[in-house]
Amino acid sequence: MEKYKDLIFLSAELPGDIPAGGPRPVPETVPVFAYGKTRYEKGGKIAEYEFLESDADRLMTDFARGGVDIPVDYNHQQLRAKENGRPAPAAGWITALEKGPSGLMCKVKWTDAAAAMIAAGEYRYTSPTFYRTEDGKVAALYNLSLTNKPATLGC
């Protein structure tokens with residue numbers, strides 16, 4: 001396997017329209033990676049990665065082989081807990097990965113607290129945290145976060 005370059009986190013908008021005066025729907029399936037090239041901003045610089053259908057196949061195989069659900073956290077706190085000393089509670093759990101027509105999707109079992117915050121419009125985006133290779137390919141999925149500050153451009 002190619003050497004991992006760095007850990008990246010990006011964003012995608014949660015699916016579903018927010019009805020006027022009503023709660024936002026809480027999706028059971030959310031996008032993880034879109035096929036093709038995706039531009040993002042990191043450290044004030046524009047970069048991109050490429051995600052192919054073969055990458056989706058590999059990540060699905062890795063997930064099945066791992067045998068455990070992947071955590072969903074809030075604001076990438078799982079990565080920051082050691083340095084800031086704050087807890088990193090789960091917002092939910094990725095229970096399955098599947099290919100969709102436009103990219104890799106995940107099934108999420110949300111906690112009651114996260115579902116309430118999504119419905120109230122307190123969170124609008126998800127952000128996968130992943131390792132990428134030197135040549136800009138997605139190497140491994142680390143986790144998913146609920147966030148409100150997207151790094152992906154044009155999401």
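Every heavy atom of this structure was used, including side-chain atoms; hydrogens, water molecules and symmetry mates were not.
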(request) Search all heavy atoms of Ala115 against all heavy atoms of Val26 and return the closest pair with its distance. (result)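 Heavy-atom minimum between the residues: O-CG2, 3.4 Å.
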(request) Considering non-hydrogen atoms only, spot the tightest contact between Thr126 and Pro31 and give its length. (result)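 That would be OG1-O, 3.8 Å.
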(message) Quick one, Phe130 with Val32, criterion side-chain contact (heavy atoms from CB on, under 4.5 Å). Give me CA distance, side-chain angles, the key distance, then yes/no.
(response) CA-CA 10 Å; Phe130 63 96; Val32 183; over 6 Å; no
(message) Quick test of your reading: applying salt bridge (Lys or Arg N to Asp or Glu O under 4.0 Å), list the pairs with at least one residue in residues 104-122, sequence neighbours left out, ordered by first then second residue.
(response)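 Residue pairs with at least one partner in residues 104-122: there are none.
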(request) Count the heavy atoms belonging to other residues, nucleotides or ligands that lie under 6.0 Å from CD of Glu98, then report whether that count exceeds 12. (result)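 It does: Glu98 CD has more than 12 such atoms within range.
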(request) Please list all pairs passing the side-chain hydrogen bond (donor to acceptor under 3.5 Å, both in side chains) test where one or both residues lie in residues 63-73, with sequence neighbours left out. (result)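 Listed once each, the pairs are Asp73-Asn143, Asp73-Ser145.
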(message) Applying side-chain hydrogen bond (donor to acceptor under 3.5 Å, both in side chains) as the test, list every pair that has at least one member in residues 81-97; sequence neighbours left out.
(response)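 Residue pairs with at least one partner in residues 81-97: Gln77-Asn84.
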To the nearest 0.5 Å, tell me how far [X] [atom1] sits from [Y] [atom2].
| X | Y | atom1 | atom2 | result |
| --- | --- | --- | --- | --- |
| Thr38 | Tyr49 | OG1 | OH | 3.5 Å |
| Leu144 | Ile94 | CG | CD1 | 4.5 Å |
| Ile70 | Phe63 | CD1 | CZ | 5.0 Å |
| Arg124 | Leu146 | CZ | CG | 14.0 Å |
| Leu59 | Leu97 | CG | CG | 7.0 Å |

(message) Ring-plane angle category for Phe51 and Tyr35, please: parallel below 30°, perpendicular beyond 60°, tilted otherwise.
(response)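 Taking Tyr35 first and then Phe51, their aromatic rings lie parallel (interplane angle under 30°).
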Counting distance only, does the side-chain N/O of [X] pair as donor-acceptor with the main-chain N or O of [Y] below 3.5 Å?
| X | Y | result |
| --- | --- | --- |
| Arg58 | Ala139 | yes |
| Thr111 | Ala91 | yes |
| Trp110 | Ala116 | no |
| Asp55 | Leu52 | yes |

(message) We want to know whether His76 and Thr147 form a side-chain donor-acceptor pair, criterion being a heavy-atom distance below 3.5 angstrom.
(response)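 No, Thr147 and His76 have no side-chain donor paired with an acceptor closer than 3.5 Å.
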(request) Please say which of Lys37, Arg132, Lys137 ends up in a salt bridge (Lys or Arg N to Asp or Glu O under 4.0 Å) with Glu50. (result)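 Result for salt bridge (Lys or Arg N to Asp or Glu O under 4.0 Å) with Glu50: Lys137.
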